[in-house]
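Shown next, in structure tokens, is the structure this report addresses.
Throughout, a chain's letter reflects where its sequence line sits, starting with A, and its residues are numbered from 1. These numbers come from the heavy atoms of this one structure, side chains and all, not from hydrogens, waters or symmetry mates.
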Amino acid sequence: MQVVKIATWNVNSLRVRLPQLLVWLQQNPVDVLALQETKLTDDAFPHAELEAAGYRAAHSGQKAYNGVAILSRLPLTEVSRDLPNLDDAQKRLIAATVEAPSGPLRVISAYVVNGQAVGSEKFDYKLRWLAALSDYLGQELSRHRHLAVVGDFNIAPEDRDVHDPEAWRERILCSTPERSRFRALLELGLVDALRQYTDAPGVFTWWDYRQAAFRRNLGLRIDHVLVTAPLAKRVTEVGVDLGPRRNERPSDHAPVVVHLAPA
DNA sequence: ATGGTGGGTTACCCA
């Protein structure tokens, strides 16, 4: 049986990032790649280019904003694009079952609401969206033993995930209500794969385009891979690939990659 | 205290 490699990457426009994505997949032939912020309608999704690279894909997108996808070298079944319990026009969630030789793996690609500023209307929408995600994951966990929720959570779970915790204290991405909602996801029975792998501070996945934040490593860890306990036992490696963030015209996020030993 | 950068579209946008 083979190791299964899964990754997640907020590409901030798949139209702009597709060439970089194809290069990255060639160098990092992961089995599954979840994307966020494709910013494409479904009819504009580059299925042909990805198929030529060996990947089929399920996408849920819209014009200009949001958009999530799951790319896979293995068959995808049971694709779902709904977030129950929330009347939401924004395309922020897609789920599919990856039919791996070692057994089915449920993958959910999520682009959590950014929230703009603590206390704003968008912040309220973020908290409601996270509550609906919790409800949905509760249902999914009752059906799928090997499940991974991956994507841009727009939450830095702890101070060690923030370059300057005092400057970010109770600000968007770091506030207590957001961190409580993130902990609630873990309390459903999910494990933060990166934190199972390492206690190291200063592991970041996002750096603002402004103020040369990447060069100065002013980052936050807001992209995550959450796995069920049976999957957590199979995790052998978790890493953030800084390579794509060094590209010209990069996404502001870096990919997170997880290796799973055979079941 | 502000604004900076880079996606998107042509907006009092979104991150």
Side-chain angles (χ1 to χ4, degrees), chain A residues 8-24 33-46 49 59-69 71 83 86 88-94 109-130 133 150-157 161-164 166-175 177-179 181-182 204-224 240 242-256:
Chain A
T8 182
W9 190 10
N10 178 325
V11 290
N12 187 18
S13 171
L14 186 54
R15 207 186 299 278
V16 171
R17 237 60 72 186
L18 182 61
Q20 295 180 38
L21 175 66
L22 293 171
V23 168
W24 190 81
L33 174 59
L35 302 179
Q36 300 84 37
E37 284 206 88
T38 59
K39 299 185 176 179
L40 295 174
T41 51
D42 291 347
D43 62 296
F45 191 84
E49 291 89 336
H59 179 243
S60 180
Q62 65 186 86
K63 193 170 159 185
Y65 305 112
N66 310 312
V68 286
L71 280 48
L83 183 57
L86 191 72
D88 189 15
Q90 302 194 12
K91 305 297 189 188
R92 298 179 170 277
L93 188 90
I94 189 166
S109 175
Y111 174 47
V112 176
V113 177
N114 172 282
Q116 193 178 52
V118 174
S120 67
E121 270 183 38
K122 286 173 186 168
F123 185 73
D124 183 59
Y125 168 45
K126 181 177 197 171
L127 297 185
R128 286 187 288 111
W129 201 92
L130 285 163
L133 179 64
V150 310
D152 177 0
F153 287 73
N154 268 316
I155 301 172
D161 302 312
V162 181
H163 67 90
D164 184 346
E166 291 314 318
W168 283 84
R169 186 75 60 212
E170 295 303 335
R171 300 191 65 139
I172 196 67
L173 314 180
C174 299
S175 73
E178 292 165 84
R179 287 179 170 177
R181 290 294 203 286
F182 186 84
F204 306 136
T205 66
W206 170 80
W207 301 259
D208 200 298
Y209 283 122
R210 295 164 283 193
Q211 299 178 321
F214 182 65
R215 182 177 55 72
R216 300 158 65 201
N217 199 25
L218 307 181
L220 273 67
R221 188 174 72 96
I222 58 175
D223 299 87
H224 307 295
V240 180
L242 301 182
R245 191 63 180 79
R246 297 191 183 102
N247 288 346
E248 277 186 49
R249 281 193 95 183
S251 167
D252 45 351
H253 295 252
V256 182

**OP:** For F214(A), answer base if it contacts any base atom (sugar-phosphate contacts may also be present), sugar-phosphate if it contacts only those atoms, and nothing otherwise; contact means non-hydrogen atoms under 4.0 Å.
**Re:**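 F214(A): no heavy atom of the nucleic acid under 4.0 Å.
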**OP:** Mind checking R215(A) for me? I need base, sugar-phosphate or nothing, with any heavy atom below 4.0 Å counting as a touch.
**Re:**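 Nothing: the residue R215(A), judged by heavy atoms under 4.0 Å, touches no strand.
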**OP:** Check the pair F182(A) / H224(A) against side-chain contact (heavy atoms from CB on, under 4.5 Å), numbers first and verdict last.
**Re:** CA-CA 11 Å; F182(A) 186 84; H224(A) 307 295; 3.6 Å; yes
Subject >> Residue Y209(A), side-chain atoms from C-beta onward, closest of dT5(B), dG8(B), dC13(B) >> reply: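 Nucleotide nearest to Y209(A)'s side chain: dT5(B).
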**OP:** Look at the side chain of Q211(A) and decide which nucleotide, out of dG3(B), dG8(B), dC14(B), has an atom nearest to it.
**Re:**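 Looking only at side-chain atoms, Q211(A) lies closest to dG3(B).
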Distance in angstrom units between [X] [atom1] and [N] [atom2], rounded:
X	N	atom1	atom2	value
Q62(A)	dG8(B)	CD	P	14 Å
W206(A)	dA15(B)	CH2	C1'	8 Å
D208(A)	dG4(B)	CG	P	13 Å
Q90(A)	dA15(B)	CD	C1'	12 Å

Subject >> Partners passing salt bridge (Lys or Arg N to Asp or Glu O under 4.0 Å) against D42(A) (at least two apart in sequence or in another chain) >> reply: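 Per chain and number, D42(A) pairs via salt bridge (Lys or Arg N to Asp or Glu O under 4.0 Å) with no residue.
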side-chain contact (heavy atoms from CB on, under 4.5 Å) involving [X] - partner list, sequence neighbours excluded:
X	answer
D124(A)	R128(A)
K122(A)	Q116(A), S120(A)
R246(A)	F214(A), L242(A)
S175(A)	V118(A), F123(A), E170(A), P177(A), E178(A)

Original post:
Between which residue ranges does DNA chain B form stems of three or more consecutive Watson-Crick or G-U wobble pairs, both distances under 3.5 Å?
Top reply: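 Stems (3+ consecutive pairs) listed as B:5-7 with B:13-15.
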Reckon [X] has a side-chain N or O less than 4.0 Å from the OP1 or OP2 of [N]?
X	N	answer
K63(A)	dG8(B)	no
R249(A)	dT5(B)	no
R210(A)	dT2(B)	no

